[in-house]
Amino acid sequence: MRWGPGIASPRADGKYEGYCLAPDGQVAAKPYKLLREALARASKVAIAKYAWSGRERLRMLRVRGDAIVMHAMHWPHEIRDLTELLPAPVDVSDTKSEGALALMETISRDDLEGDEFTDTCTEAVAKIIESKRQDQPLPHAPEPERPGKVPDLMAALTESAQKAKTSRGEDADIHELPKKKTQAKKTTGHGRPPRSA
């Protein structure tokens with residue numbers, strides 16, 4: 001079989017995670033169709049192992065429409081331990097978790113259509129290419145917003161939920177969550193907090 005980039009979208013590093021497999025000539029057409037039919041009827045995927053570029057690789061084959069798609073898999077030693085990426089343990093109250101869940105339900109939607117679901121990066125690159133082709137000045141790129149301070153997550157969620165409800169014409173009555181109590185730090189005569197013993 002031969003393969004080529006197709007159905008799946010590219011990863012951030014530009015390599016494709018999914019490849020659309022095709023039979024290599026008419027002789028391979030019948031085995032290809034038999035494998036596709038068997039996988040489709042059994043509602044299963046196939047795991048394949050092959051050697052390429054000096055090492056063995058692991059792939060998953062699954063049916064998509066009339067084609068077989070191959071997806072990259074990794075050996076256990078290639079998978080990074082996620083615990084080293086996690087932040088230090090923090091306490092989150094049940095009230096805050098329930099509030100976040102309620103806000104998430106408020107802004108959730110069933111459709112994935114609209115201007116916010118367009119590939120603006122590709123569109124911007126296409127405009128740059130067209131400008132260079134026509135020997136015109138490059139289009140102006142807006143300056144990214146740089147927050148001066150770390151935003152309050154709950155306040156941002158509340159504001160986002162309010163905007164979403166207002167844009168849908170719904171009653172935008174969002175209940176405020178209780179604010180976190182802040183404690184004033186004790187300071188020494190020099191304006192610094194005292195050192196702990």
Side-chain angles (χ1 to χ4, degrees), residues 1-24 50 52-55 57-75 77-88 90 92 96 99-172 174 176-177:
M1 278 190 244
R2 358 180 226 105
W3 63 82
I7 292 169
S9 57
R11 301 189 315 227
D13 60 4
K15 295 181 181 176
Y16 281 83
E17 288 187 344
Y19 294 85
C20 184
L21 298 179
D24 193 8
Y50 68 97
W52 182 43
S53 190
R55 67 187 185 95
R57 297 168 192 267
L58 202 58
R59 297 294 184 257
M60 179 187 73
L61 308 180
R62 72 179 181 98
V63 174
R64 179 154 180 182
D66 290 333
I68 298 173
V69 181
M70 180 176 72
H71 294 278
M73 294 183 72
H74 299 284
W75 299 104
H77 69 272
E78 295 175 321
I79 299 171
R80 188 173 181 179
D81 183 10
L82 297 181
T83 53
E84 63 187 72
L85 305 175
L86 298 176
V90 292
V92 177
K96 287 195 174 183
L101 184 60
L103 288 170
M104 190 171 67
E105 286 296 324
T106 305
I107 61 176
S108 64
R109 52 193 284 183
D110 296 324
D111 67 309
L112 291 176
E113 296 177 0
D115 293 340
E116 66 267 42
F117 296 109
T118 56
D119 187 356
T120 54
C121 183
T122 301
E123 288 176 2
V125 170
K127 286 178 184 175
I128 291 171
I129 292 170
E130 192 59 32
S131 297
K132 288 191 172 190
R133 185 180 290 148
Q134 296 180 6
D135 201 22
Q136 294 179 347
L138 296 179
H140 176 70
E143 282 289 324
E145 291 184 18
R146 299 184 184 203
K149 59 179 183 178
V150 177
D152 180 2
L153 180 60
M154 295 311 294
L157 281 171
T158 304
E159 183 184 350
S160 179
Q162 206 132 13
K163 285 180 183 175
K165 288 188 86 169
T166 304
S167 69
R168 291 195 297 244
E170 298 174 13
D171 179 20
I174 306 291
E176 288 285 329
L177 294 172

Enter the distance from [X]:[atom1] to [Y]:[atom2] here, rounded to the nearest 0.5 Å.
X     : Y     : atom1 : atom2 : value
Leu61 : Met73 : CG    : CE    : 10.5 Å
Arg59 : His71 : CZ    : NE2   : 11.0 Å
His74 : Arg57 : NE2   : CZ    : 10.5 Å

At their closest point, which heavy atom of Arg109 faces which heavy atom of Asp111, and how far apart are they?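 That closest heavy-atom pairing would be NH2-OD2, 3.0 Å.
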Between Trp75 and Leu58, which heavy-atom pair has the shortest distance, and what is it?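 For Trp75 versus Leu58, the nearest heavy atoms are CH2-CD1, 3.9 Å.
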Under the rule for side chain to side chain donor-acceptor pair (under 3.5 Å), what residues qualify as partners of Gln136, not counting sequence neighbours?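 Scan of Gln136 (side chain to side chain donor-acceptor pair (under 3.5 Å), adjacent residues dropped) gives Gln134.
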For residues 122-129, run the donor-acceptor check on the side chains, cut-off 3.5 Å, and write out each pair with its distance to 0.1 Å, sequence neighbours left out.
{"from": "Thr122", "atom 1": "OG1", "to": "Asp119", "atom 2": "OD1", "distance (Å)": "3.3"}
{"from": "Thr122", "atom 1": "OG1", "to": "Asp119", "atom 2": "OD2", "distance (Å)": "2.5"}

